[in-house]
Structures are given as structure tokens and as C-alpha cells.
Amino acid sequence: MQTVNLYDAKNRFSKLVDAAEEGEVIIIARNGKPAVKLVPLDYGEHSSWSAPLQAFIRDGLKSGQYDEQAFELDRSDVLPMPERDLL
């Protein structure tokens, strides 16, 4: 994992994207403070999930034998998305 300042990231963006495609995680900092993370698209996908969770997804979800209410989320503390991000 490498940390790059925003100015440097702008100048080396293609190289940073190449590195991310190869699996590297890049932190982009603004004014010395980490701001965003550049990761490959498959970062954190099911390949790194635990065996019991993979079995549940493979067997439980496909067969329909699961408690649907277990997957309900409490969204009372989620803020609405700013209008500028909806465009």
C-alpha cells in the first residue's frame, strides 16, 4: 500500500491505475491527510470471504432457505445523498 499526495496523483494517474489493476491499494492524500483509496474493481469480493459465508451463499441463498428479515437494514441513521452526487 502506498500513499500519494493529490498533486502527485494527478501527475501519475495512469501509473497509479496500472498499479491498482495489478492489485495494489493506493491511498490518495489531500494536505497530508488520507482522503480516498484507489483499489482494483475486484477488491474485497467474495474470493476473500470465509468458507461458512461462501457455503451460505452457495447453498442457503440459492435454495431460498434463509430468513429474509435477517437481511433487513436499519437505515434510520443513513443521510441522504447530496444532490451534486445524484447527477
Side-chain angles (χ1 to χ4, degrees):
M1 185 180 325
Q2 64 174 301
T3 301
V4 180
N5 283 319
L6 183 59
Y7 179 80
D8 295 331
K10 285 190 236 182
N11 293 330
R12 303 188 304 148
F13 190 68
S14 291
K15 290 181 182 180
L16 293 174
V17 169
D18 290 341
E21 285 181 328
E22 293 174 8
E24 186 169 352
V25 176
I26 296 137
I27 304 295
I28 300 176
R30 179 180 292 184
N31 298 326
K33 296 180 183 176
V36 298
K37 187 185 295 187
L38 182 63
V39 298
L41 280 177
D42 61 354
Y43 181 77
E45 286 193 5
H46 68 286
S47 61
S48 63
W49 291 349
S50 68
L53 184 55
Q54 287 180 8
F56 171 75
I57 291 169
R58 182 183 61 246
D59 304 329
L61 286 178
K62 290 182 182 175
S63 67
Q65 298 175 356
Y66 63 94
D67 181 11
E68 290 184 18
Q69 292 182 351
F71 294 99
E72 289 183 8
L73 300 175
D74 176 19
R75 298 184 184 269
S76 61
D77 60 343
V78 177
L79 298 174
M81 186 178 295
E83 282 188 35
R84 65 185 168 119
D85 294 340
L86 295 174
L87 300 175

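Only a predicted model underlies this, so the values are computations on that prediction, with no experimental measurement involved.
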Scan the side chains in residues 14-29 for donor-acceptor partners under 3.5 Å anywhere in the protein, sequence neighbours excluded, and list what turns up.
from, atom 1, to, atom 2, distance (Å)
E24, OE2, Q2, NE2, 3.0

hydrophobic_cluster_shared for M1 and V39, side chain cutoff 4.5 Å: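 Yes, V39 connects to M1 through the hydrophobic network.
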Inter-residue atom distance T3.OG1 - K37.NZ, 0.5 Å rounding: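 If we round to the nearest 0.5 Å, T3:OG1 and K37:NZ are 10.5 Å apart.
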